[in-house]
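Heads up: the structure comes next, in structure tokens.
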Amino acid sequence: VEDGRATGVVANNGTVIINAKHVISNADVWSTRKLISNTGDSKLTKEFDDRLDKIEHCDSFLHLHLGINGTDLPSTPTPTFPAQWASLQNWT
């Protein structure tokens, strides 16, 4: 973690990947928060805590990842189409 931003990961097998452009967690936000507790970075943990305070915890949920052609989707969230997506323009 550098300046409140994840810059790499340590895999379960001990492999270290650093200077990553993006670090993605496939865990839910509560599990991800537990994972970053060990970083010692107060800025990152505070950001997660602030976000978690706004989320109602649910004991059960469905998380579905789909890939679609998002050509005509809005590029910014609105009240009728909230930000629940990520757009990848280039795999490189």
*Between Glu47 and Lys43, is the closest basic N to carboxylate O distance under 4.0 Å?*
no

*Rounded distance [0.5 Å steps], CZ in Arg33 versus OG1 in Thr45*: 5.0 Å

*Is it true that atom CD1 of Ile55 has more than 12 heavy atoms of other residues, nucleotides or ligands lying nearer than 6.0 Å?*
yes

_Interatomic distance, Asp53 atom CG to Phe48 atom CZ [nearest 0.5 angstrom]_ = 13.0 Å

*Would you call Lys46 and Asp50 a salt bridge, taking side-chain N to carboxylate O under 4.0 Å as the test?*
yes

